[in-house]
Amino acid sequence: MENEAKRPSLYGPQLWRQVRNALLNFPIGVAGFVVAAVLLTTGLGLAVTLVGLPLLAFGLGCCRWFGRVARARARAELGSRVTEPEPLRPVRAGLAGRVVAALGDGLNWRSALYCVALLVWGVLSFVLTLVLLVVGWPVLPWAMASISWVSRLLVESLLWPGALAERVRELEDDRGVVVDTAAADLRRIERDLHDGAQARLVALAMDLGLAKEKLTEDPVAAQKMVDAAHGEVKLALQELRDLARGIHPAVLTDRGLDAALSSVAARCTLPGGVRVHVELGGERPDSAVEGIAYFTVSELLTNASKHSGARTATVEVWRQENRLMLTVRDDGRGGALVHPGGGLAGLAERAESVDGVFVVDSPEQGPTSVTVELPWHTRAGHKS
């Protein structure tokens with residue numbers, strides 16, 4: 001009895017939302033058809049004149065607005081998950097650019113087709129709903145479910161931006177992330193060179209010049225200056241090696257993720273050390289994914305050393321079908337969050353730029369676990 005009481009009623013709010021949607025199909029369909037018929041036919045008839053194409057573009061814009069209304073109704077009343085498209089982006093400014101963008105947009109023309117189709121379906125669904133409300137009360141829930149399914153199908157087939165458009169938008173966003181990341185890396189390299197190795201080399205040149213002047217006058221002082229310059233050379237070389245490792249480590253190129261991550265773990269300053277386990281079956285992913293995996297683990301271990309208060313960490317990397325999986329765990333204090341502009345957000349964007357997934361599980365008091373899933377494409381020449 002309790003389960004029956006909790007079961008939603010067939011004649012509940014959802015049914016009346018469907019009824020409202022079906023009844024409104026008729027007046028909205030009439031309005032949309034009139035607008036589309038008048039503006040589009042007039043615009044097409046005057047296409048040879050200066051006012052024809054702008055009028056046609058305006059009519060398509062009105063149809064697009066009716067499409068926006070239809071998507072909102074489908075989400076609110078029919079349970080559809082249809083999304084809104086990206087706004088039109090004219091290739092050039094001015095009226096001509098907006099007209100060209102409107103005329104070349106496929107969604108605008110599908111919206112016009114929807115306005116025509118909705119008139120026919122609006123009349124039919126309106127009449128069927130009225131008949132059901134009067135004489136079809138016992139079968140009303142099931143009949144309205146079928147009518148709503150047709151209405152939702154009409155919206156989703158004609159007015160949804162579509163998988164291809166969504167994919168293009170995702171790729172555009174990913175391209176922006178990649179470009180921004182590359183620009184940030186170039187700025188970092190320039191800053192490191194200017195503030196590090198370049199400054200040391202300038203100081204080295206000055207010291208060697210002074211040592212050359214003192215070579216005949218004070219050989220002992222010149223020897224000390226040469227010794228100091230030798231130390232500066234070693235420091236400059238070390239900074240250059242660190243910078244090169246930050247760009248793309250040679251061990252990663254030559255020996256792959258296992259050796260590269262073991263090298264990162266050996267340099268990590270966690271008191272209890274880092275355990276690394278890599279199981280890729282003797283194969284290697286493509287260089288882009290391999291680089292993202294390497295820098296993600298390197299950055300996560302650096303964060304653990306500086307901010308988490310952890311003693312130990314574990315890195316696990318394995319292949320699961322067509323995905324490269326990696327997990328980094330530490331026993332620190334936890335509380336790590338992905339917030340805009342933060343280091344974890346940058347790592348997440350880098351993973352998402354190749355259709356990857358970045359998940360952080362870091363409750364207060366720890367431990368912290370970061371799981372990254374990247375696409376796998378076997379590198380040429382490394383197939384088993």
Side-chain angles (χ1 to χ4, degrees), residues 13-44 47 52-91 97-130 142-174:
Q14 177 62 34
L15 172 64
W16 301 112
R17 286 194 292 269
Q18 294 172 347
V19 170
R20 180 178 61 189
N21 180 272
L23 293 177
L24 286 177
N25 278 344
F26 175 60
I28 294 177
V30 171
F33 178 80
V34 170
V35 169
V38 172
L39 294 179
L40 296 186
T41 55
T42 305
L44 287 172
L53 293 181
L55 183 60
L56 182 59
F58 176 73
L60 289 173
C62 293
C63 294
R64 189 184 183 94
W65 182 85
F66 276 101
R68 185 181 305 118
V69 172
R71 285 188 294 272
R73 293 176 60 222
R75 288 192 296 269
E77 299 170 351
L78 304 179
S80 175
R81 296 181 298 165
V82 62
T83 57
E84 290 298 318
E86 285 288 301
L88 280 179
R89 297 174 181 174
V91 293
R98 292 195 295 272
V99 169
V100 171
L103 295 179
D105 185 69
L107 182 61
N108 283 356
W109 293 101
R110 295 201 306 273
S111 299
L113 179 59
Y114 174 81
C115 290
V116 176
L118 185 61
L119 175 65
V120 179
W121 174 240
V123 172
L124 182 59
S125 61
F126 181 84
V127 173
L128 287 175
T129 303
L130 285 182
W142 297 276
M144 290 310 305
S146 300
I147 293 174
S148 299
W149 179 82
V150 175
S151 298
R152 186 170 63 248
L153 179 64
L154 193 63
V155 171
E156 293 179 352
S157 61
L158 292 177
L159 301 180
W160 202 326
L164 180 58
E166 291 293 319
R167 182 58 178 161
V168 169
R169 183 170 64 178
E170 290 176 3
L171 290 175
E172 289 178 346
D173 294 340
D174 292 344

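None of the values given here were measured: they were computed from a predicted structure. Note: hydrogens, waters and symmetry copies are ignored here, and every other heavy atom, side chains too, is used.
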- Task: Output yes when Glu84 and Arg75 qualify as a salt bridge under the 4.0 Å nitrogen-oxygen rule, no when they do not.
- Result: yes
- Note on the structure: Rounding to 0.5 Å, atoms OG1 (Thr129) and CZ (Phe26) come to a distance of 12.5 Å
- Query: Got Arg20 and Glu77 here, is their nearest side-chain heavy-atom distance under 4.5 Å?
  - Reply: yes
- Message: Would Val99 and Leu103 count as a side-chain contact (heavy atoms from CB on, under 4.5 Å) here? Give the steps.
- Response: CA-CA 6 Å; Val99 169; Leu103 295 179; 3.8 Å; yes
- Query: Are side-chain heavy atoms of Val155 and Trp160 found at a separation under 4.5 Å?
  - Reply: no
- Kindly indicate, with the supporting measurements, whether the criterion side-chain contact (heavy atoms from CB on, under 4.5 Å) is fulfilled by Phe66 and Val35. CA-CA 10 Å; Phe66 276 101; Val35 169; 4.0 Å; yes
- Taking all non-hydrogen atoms of both residues into account, name the closest pair between Ala102 and Trp109 and its distance. O-NE1, 4.5 Å
- Item | Rounded distance (nearest 0.5 Å) linking atom CG of Leu153 with atom OG of Ser148 | 12.0 Å
- Query: Atom CG of Leu128 and atom OG of Ser146: how far apart are they, to the nearest 0.5 Å?
  - Reply: 10.5 Å
- Interatomic spacing from CZ in Phe58 to CZ in Arg98 - rounded to 0.5 Å: 12.5 Å
- Message: Quick check against the 3.5 Å criterion: does Thr42 have a side-chain atom that pairs as donor or acceptor with the backbone of Leu39?
- Response: no
- Would a distance-only check, ignoring hydrogens and angles, find a side-chain to backbone donor-acceptor pair under 3.5 Å from Trp65 to Leu60? no
- Note on the structure: Nearest heavy-atom contact between Ile147 and Ala22 is CG2-CB, 4.2 Å
- Taking Arg110 for the side chain and Leu159 for the main chain, is one N or O donor matched with an acceptor at less than 3.5 Å? no
- Shortest non-hydrogen pair, Ser151 vs Leu78, comes out as CB-CD1, 3.8 Å
- Query: Atom CZ of Arg64 and atom CG of Leu107: how far apart are they, to the nearest 0.5 Å?
  - Reply: 5.0 Å
- Message: Within this structure, what is the OG1-CG distance for the pair Thr41 and Leu56, rounded to the nearest 0.5 Å?
- Response: 10.0 Å
- Just do the side-chain contact (heavy atoms from CB on, under 4.5 Å) check on Val38 and Val34 with the steps written out, would you? CA-CA 6 Å; Val38 172; Val34 170; 4.2 Å; yes
- Taking every heavy atom of Ala112 against every heavy atom of Leu40, the minimum-distance pair comes out as CB-CD1, 3.7 Å
- Apply the test side-chain contact (heavy atoms from CB on, under 4.5 Å) to residues Leu158 and Ser111: give CA-CA distance (whole Å), side-chain angles for both, the deciding distance (0.1 Å), then the verdict. CA-CA 7 Å; Leu158 292 177; Ser111 299; over 6 Å; no
- Just checking, any donor-acceptor pair under 3.5 angstrom between side chains of Arg73 and Asn25? yes
